[in-house]
Amino acid sequence: MQQDGNALFSGGGFMPSQTTQITEYGGSSSTKSRSSQGVFPVTVKQISECLHSGDGKSITLGGTEVSNVRLLGLVMNKIEKITDVSFTLDDGTGRIGIQRWVHEQSDTNEMVLVRSGTYVKVNGHLKDFQGKLTVMAFSVRPLTDFDDLTLHYIECIHVHISITGKPVNPSTAISSQIPVSSSQFLSAPNMASKNYVAPSNYMTSNKANSTDLSIQVANIFDDPVNLSREHGLHLEEVSNQLRVPLQRIRDVVEHLISEGHIYSTIDDNHYKSAANG
Amino acid sequence: MPSPCRIAVQSAMEHRRIESRKMDTSTPAVFISGREMLQMYSGRRVRTVIHVVRIDGMSIIGKSSDGNELIVRGCPSFPPSHFVEVIGIADAADLSVRSEISTDFGVNFDMLSYNKLCQLANGEFKHLFI
């Protein structure tokens, strides 16, 4: 009985308790714990440096609190017990102890596949135990596609770049600036139309003119003034605004209807954007 | 009554268990893409992936991810055209790796990405690895 209690308290119970804490406290604590919520792909070398620079309480990696990690490496010295399986993981940068609690048959089945000398991918919780960091694994899976090995280390590098704050990728930097620069009232519908038109843009990339027109027409429908009109816009108004023949507008409108961007209101000449309700 | 031998084995296992709690970064295996990097790390523990070309006695002659020939000594035989990862000691004298651990990566492996990874792991991001 006592053993059961212990297991619930200190062992396998950490995942649910972590989740409840976040929902219970929300607000300020959620911003703090958000950084540590994800699973960080890391090398053992990186973890060993956490150990040296950490204050003992929280484990930080390049200033970011880390609690869950993903490691990939060779299994060594596997030791099976009734309640847990432990082994040393050698990822080529260093070695770390891994412990996996075995509660259910599925856990046992998973750990049977883990053999010394084979590659595994481990997802787990980084735990400071008497000054030594170990990983309490949630999952230990044998590697089946060895390109995952290359991918894992590239992910380690990528995550390292993003948490140390070096510029990552010009395209992501630009996309993250859009909501900041258009902080006016118009920002929401503008964003909606941009997000929306993008896919149709790819579809009709060989017909540049009609795509441009469809963006222009969509923008008119997404204009907040027009969004607020109960019956939407008459096609002639669109035609006059863009100085484009009515028939071409009708073609574009047909396309926008099929995409679910606009819908007809009182008759076949009045249409309204679906962007704002 | 357990035999003394059994007690010795048990205590050795317990010792290993305690050992497994420590983190050891003293003998990393450095990613190498081929000859050039092998010469840089002669006498040290390295890891590389080769494409098996032919078996010559106890040695495997393979193609490294940078496209050059590399010899691997002292590892089990692998079928030709398989990709094999070797972890072992680099020897610049005859451009070989003395294998400690070898793993068959199968017939499909992206050597181009692996080669890039070797470059990153020996360049700007070396500190994440060794």
Side-chain angles (χ1 to χ4, degrees), chain A residues 41-52 61-62 73-74 76-81 84 86-99 116-119 127 129-135 143-161 164 166, chain B residues 9-10 12-33 44-49 65 76 82-88 100-130:
Chain A
V42 288
T43 63
V44 176
K45 174 85 193 305
Q46 285 176 283
I47 297 177
S48 74
E49 280 166 0
C50 289
L51 186 66
H52 298 142
L61 192 72
L74 285 163
M76 297 165 77
N77 306 334
K78 183 186 170 194
I79 295 162
E80 287 174 79
K81 287 196 164 185
D84 71 286
S86 62
F87 59 89
T88 306
L89 187 89
D90 184 341
D91 80 339
T93 71
R95 293 168 190 186
I96 191 168
I98 309 280
Q99 197 166 9
S116 288
T118 59
Y119 269 105
K127 198 173 180 186
F129 181 73
Q130 294 176 348
K132 287 166 195 159
L133 287 177
T134 52
V135 173
L143 208 63
T144 48
D145 181 348
F146 290 95
D147 282 327
D148 279 358
L149 181 135
T150 315
L151 176 67
H152 171 76
Y153 291 106
I154 290 179
E155 277 182 338
C156 292
I157 293 171
H158 182 79
V159 168
H160 169 77
I161 294 168
T164 50
K166 286 182 188 168
Chain B
V9 169
Q10 270 180 352
M13 280 176 75
E14 276 303 309
H15 177 70
R16 279 213 312 217
R17 188 177 155 76
I18 294 160
E19 279 295 298
S20 75
R21 292 200 173 279
K22 290 183 192 165
M23 238 177 300
D24 174 10
T25 54
S26 59
T27 52
V30 190
F31 277 102
I32 61 161
S33 62
R44 287 182 63 181
R45 203 161 170 253
V46 294
R47 69 192 297 177
T48 192
V49 177
S65 65
H82 271 230
F83 292 94
V84 175
E85 188 204 42
V86 180
I87 299 173
E100 287 172 359
I101 305 163
S102 50
T103 311
D104 191 344
F105 275 13
V107 288
N108 291 313
F109 185 73
D110 183 355
M111 285 293 247
L112 197 68
S113 301
Y114 190 82
N115 195 47
K116 295 266 187 218
L117 172 64
C118 293
Q119 286 166 7
L120 290 169
N122 282 284
E124 199 183 337
F125 304 101
K126 200 171 174 175
H127 60 287
L128 302 182
F129 296 87
I130 51 171

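This is a predicted model, so every value here is computed, not measured.
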Best-contacting candidate, A:Asp91, A:Ile157, A:Thr43, against chain B by heavy atom pairs under 4.5 angstrom: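 It is A:Ile157.
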Pairwise side-chain contact, B:Thr27 with A:Arg95, heavy-atom cut-off 4.5 Å (strictly under):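 Side-chain contact under 4.5 Å: yes.
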Interchain contact, A:Leu74 with chain B, by part (heavy-atom threshold 4.5 Å):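 The side chain, not the backbone.
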Plane angle bin for B:Phe129 and A:Tyr153 - parallel if under 30°, tilted between 30 and 60°, otherwise perpendicular: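 Rings of A:Tyr153 and B:Phe129: tilted, as their planes differ by 30° to 60°.
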Under 3.5 Å, side chain of [X] to main-chain N/O of [Y], donor-acceptor pair present?
X: B:Asn122; Y: B:Ile32; result: no
X: B:Asp110; Y: A:Asp147; result: no
X: A:Lys45; Y: B:Thr25; result: no

Can you tell which part of [X] gets under 4.5 Å to a heavy atom of chain A, answering side chain, backbone, both or neither?
X: B:Ser113; answer: both
X: B:Ile130; answer: backbone
X: B:Asp104; answer: backbone
X: B:Phe83; answer: neither

